[in-house]
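Okay, so here's the structure we're looking at.
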Amino acid sequence: VALLSIFGPWFAPTLAVTQVIELVTGPSAPLGWGLIAAVAATHVLLYGSLFTAMLVKCRVDPRLPTRRSALVFVVVTMVLLPVVTAVSKALLLVAGDILQLDALWPRVFALSTKDAIGIAMVAPFSLLASRAIPSLWWDRPHRAIASIRGPQSTWKWIEGLFLVGLIVA
């Protein structure tokens, strides 16, 4: 999610690489390459489209300059995205006869929790740390953040880190 935020929606195919690694090395039963490709493609499509919709439709600035941006970012990326993708992955595993239907919801809970924890650990801190380098971002620099100079920038960074930490906690 942090990579999508910083480098843009065209960075979504990297999500497929992480899914393939997770599915090949994971503790579940051996999966066929067709099922691995289907799960990875579904993951990329869902994460990419829902994340881009969040940026465009909800007008969220991924640099998290406002409380609204931070709150919408947390709700969408740490609740909505993991649950939707976990349901789709679990249904694909049921369709591929890897998962029994009675084990669907525990698997959904496990998958969504894993994704949410990963996002909570990495995304907020990498997004806030990368705000100081406007040239990294795929869209134009945010004026409020790009104009901050000197000791105020440190305070704004600490304030944003504290706010995201409170929301995540």
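Start at 1 with the first residue, then count along the sequence.
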Could you tell me if the side chain of [Y] sits less than 4.5 Å from the side chain of [X], heavy atoms only?
{"X": "F51", "Y": "L80", "result": "no"}
{"X": "I36", "Y": "V24", "result": "yes"}
{"X": "R63", "Y": "S69", "result": "no"}
{"X": "L111", "Y": "E22", "result": "yes"}

Closest non-hydrogen atom pair between [X] and [Y], with its separation:
{"X": "L64", "Y": "A70", "result": "CD2-CA, 3.8 Å"}
{"X": "A116", "Y": "M78", "result": "CB-O, 3.4 Å"}
{"X": "R68", "Y": "R59", "result": "NH1-O, 3.5 Å"}
{"X": "L127", "Y": "P62", "result": "CD1-O, 3.6 Å"}
{"X": "Q100", "Y": "V94", "result": "O-CG2, 4.3 Å"}
{"X": "S112", "Y": "A86", "result": "N-CB, 3.6 Å"}

So how far is it from [X] [atom1] to [Y] [atom2], rounded to the nearest 0.5 Å?
{"X": "K89", "Y": "L46", "atom1": "NZ", "atom2": "CG", "result": "10.0 Å"}
{"X": "Q19", "Y": "T42", "atom1": "CD", "atom2": "OG1", "result": "9.5 Å"}
{"X": "L71", "Y": "R67", "atom1": "CG", "atom2": "CZ", "result": "11.0 Å"}
{"X": "I119", "Y": "S126", "atom1": "CD1", "atom2": "OG", "result": "11.0 Å"}

Apply the test side-chain contact (heavy atoms from CB on, under 4.5 Å) to residues L81 and V76: give CA-CA distance (whole Å), side-chain angles for both, the deciding distance (0.1 Å), then the verdict.
CA-CA 6 Å; L81 285 175; V76 170; 4.3 Å; yes
Between H43 and the options L92, V20, L15, the side chain to side chain contact (heavy atoms under 4.5 Å, CB included) test singles out L15
Group every Ile, Leu, Val, Met, Phe, Trp and Tyr by side-chain heavy-atom contacts under 4.5 Å, then state whether [X] and [Y] land in the same group.
{"X": "F109", "Y": "V83", "result": "no"}
{"X": "M121", "Y": "V79", "result": "no"}
{"X": "V56", "Y": "L50", "result": "no"}
{"X": "L55", "Y": "L45", "result": "no"}
{"X": "L101", "Y": "L99", "result": "yes"}

Would W105 and V87 count as a side-chain contact (heavy atoms from CB on, under 4.5 Å) here? Give the steps.
CA-CA 8 Å; W105 293 112; V87 168; 4.1 Å; yes
Would you check, one step at a time, whether the test side-chain contact (heavy atoms from CB on, under 4.5 Å) holds for L35 with L93?
CA-CA 8 Å; L35 186 58; L93 292 175; 4.0 Å; yes
Would T66 and D61 count as a side-chain contact (heavy atoms from CB on, under 4.5 Å) here? Give the steps.
CA-CA 8 Å; T66 64; D61 185 355; over 6 Å; no
